Protein chains: 2
Amino acid sequence: MVNRSDTKTRILDAAEKLFAERGFSETSLRLITSKAEVNLASVNYHFGSKKELIRAVLARYLDVFMPAASSEIVSLQSSNKDASLNDIFSTLVKPLLDLNQLRSEGTRTFLQLLGRGYIESHGHLMWFITTHYGDHLTQFVKAVVDSAPHIPPAEMFWRLHFTLGTVVFTMASADALTEIAAADFGEHNDIEAVIRKVIPYISAGVAVPVTA
Amino acid sequence: MVNRSDTKTRILDAAEKLFAERGFSETSLRLITSKAEVNLASVNYHFGSKKELIRAVLARYLDVFMPAASSEIVSLQSSNKDASLNDIFSTLVKPLLDLNQLRSEGTRTFLQLLGRGYIESHGHLMWFITTHYGDHLTQFVKAVVDSAPHIPPAEMFWRLHFTLGTVVFTMASADALTEIAAADFGEHNDIEAVIRKVIPYISAGVAVPVTA
DNA sequence: GTTTAATTTAAACGAGTGTTTAAAATAGAG
DNA sequence: CTCTATTTTAAACACTCGTTTAAATTAAAC
């Protein structure tokens with residue numbers, strides 16, 4: 001018989017993998033509970049509903065990542081007052097990769113969850129993040145704005161949303177893309193390679209001079 | 001009683017709007033047929049299955065857009081042998097905006113459908129596009145690769161997908177973003193203005209030198 | 001006008017969904 | 001051990017889904 005005390009953890013572990021791979025609405029509670037080897041009703045017993053399970057899955061990552069990212073930005077700003085955009089975006093790499101120590105494939109799972117959530121939640125995920133982690137978020141945006149003073153605020157608004165789209169879309173389809181890249185170019189990229197590929201791209205886009 | 005001869009068109013019109021707004025799997029045939037004011041079974045009668053309806057919705061746009069984009073690229077290359085990345089991407093603006101003449105909100109609908117399809121179809125959309133419009137696609141990719149010869153093909157693969165994410169995500173949330181931009185910065189942008197903002201961003205990202 | 005083909009319609013099918021219930025099993029406290 | 005509270009379990013509920021069927025209706029052919 002299954003050790004009772006870790007039923008919640010077994011559900012979260014199975015759910016986050018399936019959510020990241022297949023999306024939220026495409027993942028049934030029966031699939032989650034069968035993979036977690038727990039009873040179907042235990043999800044509603046421990047989490048109340050599927051929606052609250054989704055929030056719990058996201059919060060388990062965000063509670064680790066957001067403070068870690070904040071701390072990295074603070075230490076960058078204290079050591080380098082003229083940090084480049086590349087530096088700013090690069091500070092996120094370590095907190096992201098540290099998620100692999102938290103759980104196997106943690107980085108890829110977290111980014112895919114973010115992408116899925118952003119696309120599927122009709123803005124609810126953004127609301128969830130801004131209300132729960134708003135201070136960390138504005139701190140990061142301010143660091144970006146300060147390091148690209150030649151971009152007017154209105155233009156920067158658009159470019160940061162372009163960047164969000166790049167990251168979210170790429171991560172949501174990261175599995176399919178890495179498969180194609182392996183088949184067509186013999187490249188075997190892990191999630192870290194993709195992250196390091198996207199940073200120069202978004203840095204260049206955000207910083208490119210505004211054409212008249 | 002409804003004019004029989006346009007049942008297929010009524011279904012396609014209702015389906016593409018709902019698919020773009022809510023995604024494919026989140027849109028039921030009952031919702032489509034009720035909005036189209038046709039009988040539920042007529043979808044299976046005219047299209048065979050939901051999957052084939054999705055393909056028909058996409059094909060109706062791709063059949064117009066792909067040849068138009070190809071023709072624009074050909075005429076650019078014949079008039080300018082050293083076209084910049086900005087020029088290449090800018091050739092897509094007219095074919096995209098012309099979709100608004102095809103159907104109301106055609107441009108945004110098409111881009112949203114592309115995004116939904118890429119995310120939901122587990123690579124099936126990419127197979128569909130490459131097998132049905134492969135020539136147009138490789139022609140465009142070749143034009144991009146030729147105008148940025150310092151980027152290796154494998155790297156370009158990733159950057160073009162970053163670009164796809166940027167465009168698709170931006171257009172999907174263009175309504176909300178233009179509203180926020182108007183409220184926060186007094187900017188009043190239509191779809192065309194957003195497209196023209198994004199082109200310098202993606203051109204810079206695609207062309208940025210690869211770091212060792 | 002009659003006959004044939006194409007289309008529309010209402011109804012049902014079988015499978016899958018999240019959630020709830022009440023009984024059974026287990027764990028912890030006295 | 002006994003009693004209580006927590007947790008697990010099997011079963012059912014109410015609902016939605018894509019699809020199919022067969023009859024009714026409309027359109028086309030002769």
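Since the structure is predicted, the reported quantities are computational estimates derived from the model, not experimental observations.
At a threshold of 4.0 angstrom between heavy atoms, the contacts of B:T27 are confined to the sugar-phosphate backbone, with no base atom among them.
Out of C:dA6, C:dT19, C:dT9, the shortest distance to the side chain of A:L29 is found at C:dT19.
Residue A:N39 has a polar side-chain atom (N or O) positioned under 4.0 Å from OP1 or OP2 of D:dA10. Put simply, A:S49 has no side-chain N or O that comes within less than 4.0 Å of OP1 or OP2 on C:dG18. Regarding contacts with the backbone of C:dG18, every side-chain N or O of A:N44 stays at 4.0 angstrom or more from both OP1 and OP2. Residue B:H46 places no side-chain N or O under 4.0 Å from the OP1 or OP2 atom of C:dA6.
Taking 3.5 Å as the limit, the base of C:dG16 and the side chain of A:R30 contain no donor-acceptor pair of atoms between them.
Atoms CD (B:E37) and P (C:dT8) sit 14 Å apart, rounded to a whole Å. Remark: P of C:dT8 and CZ of B:R10 are 11 Å apart, rounded to the nearest angstrom. One atom, OH of B:Y45, and another, P of D:dT19, lie 17 Å apart when rounded to the nearest Å. A:E26 places its CD atom 14 Å from the P atom of C:dG16, with the value rounded to the nearest Å. Rounding to whole angstrom units, NZ of residue A:K51 and P of C:dT19 are separated by 9 Å. The separation between B:L40 atom CG and D:dG18 atom P is 8 Å, rounded to whole Å. If you measure from atom CG of A:D6 to atom P of C:dA27, you get 12 Å, rounded to the nearest angstrom. Rounding to whole angstrom units, CD1 of residue A:I11 and P of C:dT19 are separated by 13 Å.
With DNA chain C read from its 5' end, the first of the two nearest nucleotides for A:G48 and A:S28 is the one closest to A:S28. Position along DNA chain C of the nearest nucleotide to B:S42 versus A:K50 favours B:S42 as the more 5'-ward residue.
Not one N or O on the side chain of A:S42 forms a donor-acceptor pair closer than 3.5 Å with the backbone of A:Y45.
Taking the six-membered ring for Trp, B:H136 and B:F140 have ring centres at least 6.0 Å apart. Aromatic ring centres of A:Y118 and B:F169 lie closer together than 6.0 Å. Separation of the A:W127 and A:H124 ring centroids falls under the 6.0 Å cut-off.
Residues that satisfy the ring-ring contact (aromatic ring centres under 6.0 Å, His included) test with A:F24, not counting sequence neighbours, are A:F19.
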